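Please read all numbers here as calculations on a predicted model, not as lab measurements. All chains are named by letter (A, B, ...) in the order of the sequence lines, taking the proteins before the strands, and each is independently numbered beginning at 1.
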2 protein chains.
Amino acid sequence: MESNSHPSCAPPVLAVDIGGTKILTALVSTNGDIIARDYASTPSQKSAEAVVQQVAEAAERVMGKTRGRVGQPSAVAAAVAGLIEIRNGVVTTSPNLPMFHDTPARSMLEERLGLKAFLLNDATAATWGEYRLGAGRGTKDLIFITVSTGIGGGIVMDGRLCQGTCGAAGEVGHMIVCDGGPECSCGNRGCLEALASGTAIAREAQEHVARGAETSISRLAGRRPITAEVVATAAKAGDAIAQQVISRAAYYLGIGLMNLVHIFNPDMIVIGGGVSQMGEMLLEPARSVVQDKAFRLPSGSVRIVPAKMGINAGIVGAALYAFESATNGMAQ
Amino acid sequence: MESNSHPSCAPPVLAVDIGGTKILTALVSTNGDIIARDYASTPSQKSAEAVVQQVAEAAERVMGKTRGRVGQPSAVAAAVAGLIEIRNGVVTTSPNLPMFHDTPARSMLEERLGLKAFLLNDATAATWGEYRLGAGRGTKDLIFITVSTGIGGGIVMDGRLCQGTCGAAGEVGHMIVCDGGPECSCGNRGCLEALASGTAIAREAQEHVARGAETSISRLAGRRPITAEVVATAAKAGDAIAQQVISRAAYYLGIGLMNLVHIFNPDMIVIGGGVSQMGEMLLEPARSVVQDKAFRLPSGSVRIVPAKMGINAGIVGAALYAFESATNGMAQ
């Protein structure tokens, strides 16, 4: 994805995707090309200032990589794994970034970097990236779901990014699909995230192992904890318990998708995130649930496809969002 | 709501709301005033032509009522209780209007009435009515839910009516909230409609009666079937079983609302439909579920309020939609 072509004359955007474990920083051109990038670990101290400092250092490294070939960035666009209040640029809460709690991240970035800053949720940013340059190119009504440790998402309707009244729209993982079901990280029971995320797959597999089920899962995990990746590997090798665990997650993912098909009647649902990398093993049974259970009209007009942009979706989406917000005067 | 003021100079729209039991026809001015109206029963024959004929006769009666005070309508705007494919103006299916099945209702209305026709789902039309002139005035991101025999809804995001890729968006009643729960009219189990609609309330009460529970419900119903209205009357009079039935429906309505709050982060949810007329008895516990279970940011910014326009929401919304579609060249 890193572009060697002559960069656009317009100044790039410094895009940053701040996740629970790593910070991905990149210079992105107006057409979405990644000019240079940098990976760093998210500081473990419980300080938002340390994260902003890390971003500033990454920005210097990224600028250094361009060796003066591009001008100063016009803005910084930050995608953050948390609930964002877009009007005032505050990260209200973040399960994976506990140092952010009612944190004015936008103004902190603006002060530290001396650039206008745009702030949005990481799944929202990835939604915009997949819509503009990924799997969703050419669609109009798109739902993006990221299935990894948790489940997040984003909404495009009529070609417009829908962030809701505060910027917190798209929390599809915390849609209850099985009231009274397993407990979720949010404290409720039966959320989609509690049934179909990587955490849910690992927990379910762990429960089978603890009950003494005959399975290769714990052998494959070795001394490491059981993860969704281990379960997927076991399932691919024919392990019946692992296959059952994946099937269950896929079934509930399908229920979640069916709900979204009924609510939005989208032309595309794009599934990204680490867990989605198990591919058709997860997607095919989920699609079947939609075909079996959803109304004919909306189920006949939706394509359910894997994401295309991988970890670049967030930085590219955030950068394009910043360019377009600056151009259209969209509210931030 | 019927206006005595001098009608606008611009020609009105003939708006019609075609439901399972009645057809409401009205002349609506460009500012949403109802100039004249007519009620008729939906023909019981299984013919879409008979329904269109009924609309044509109602149109003549409505025009007659204006005694030449207004000009010919510029268009007909039809709100239909069914799944609508808006691009080609076809009613694909309708549980309450079985005569409509892949029926080209838009062209049938255009041919019979000699007017350009606009076709949309009845809950979608009511959504637009409540947004433009009802409870939702001044909001930007609004979800409308109609709770009656079934549960339907509609979506406004960033001030735009979101109908999805075919026109089938807003089917919030067929969001599964309790997988494996009671059977729904759609064939699935645990849909919101199967847990919180008038039908669900009546069924639940009937089950209590059949089990011999001590309740005034069957006495109140007399020889008529148990309805949600009867259950509400019993609950208001202090009947514990009736109160329990309403509480259960309100709880699940709250779960559905919480899901929508997480998905859309709306600034308002408007609740209409016959069952919603039991008012705070239903809304207050549903709101509590949202307050208890939803994330603080989106739950703190949503108002959950009763609809204001009653049965006029659909005709007014359809008419305004037609005016605005004609003005903006919105796709139909």
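Across every non-hydrogen atom of B:I86 and B:G167, the tightest pair is CG1-CA, 3.8 Å. The two residues A:C191 and A:C186 make their nearest non-hydrogen contact at SG-SG, 3.7 Å. Heavy atoms only, all atoms of each residue included: A:I84 and A:N121 are closest at CG1-N, 3.5 Å.
Contacts between B:L195 and chain A at a heavy-atom distance below 4.5 Å are absent for every atom of the residue. The contact between A:N188 and chain B is made entirely by side chain atoms (from C-beta outward), counting heavy-atom distances below 4.5 Å. Heavy atoms of B:D141 lying under 4.5 Å from chain A belong exclusively to its side chain. Heavy-atom distances place the side chain of A:I155, and not its backbone, under 4.5 Å from chain B. Only the side chain of A:L260 comes within less than 4.5 Å of a heavy atom of chain B; its backbone N, CA, C and O stay farther away. Using a 4.5 Å cut-off between heavy atoms, A:I255 touches chain B through its side chain atoms alone. Proximity to chain B is absent for every atom of A:L142, based on heavy atoms less than 4.5 angstrom apart.
Between B:D102 and A:R296 there is a salt bridge, since a side-chain N of the basic residue sits under 4.0 Å from a carboxylate O of the acidic one. We find that A:E204 and A:R248 are joined by a salt bridge, their nearest charged nitrogen and carboxylate oxygen being less than 4.0 Å apart. Under a 4.0 Å N-O distance rule, the pair A:K140/A:D158 qualifies as a salt bridge.
Aromatic ring centres of A:F264 and B:F264: separated by under 6.0 Å.
The candidate from B:P298, B:C166, B:C162 with the greatest count of non-hydrogen atom pairs under 4.5 Å with chain A is B:C166. Counting heavy-atom pairs under 4.5 Å between each of A:T165, A:D267, A:T139 and chain B puts A:T165 at the top. Contacts with chain A were tallied for B:G173, B:G154, B:C178, B:G256; B:C178 has the most, counting heavy-atom pairs under 4.5 Å. Interface check for chain B: of the options A:M157, A:E85, A:H262, the most heavy-atom pairs under 4.5 Å are formed by A:H262. Ranked by heavy-atom pairs shorter than 4.5 Å toward chain B, the options A:V302, A:V172, A:D179 are led by A:D179.
Residues B:E193 and B:T199 bring no donor and acceptor atom of their side chains to less than 3.5 Å of each other.
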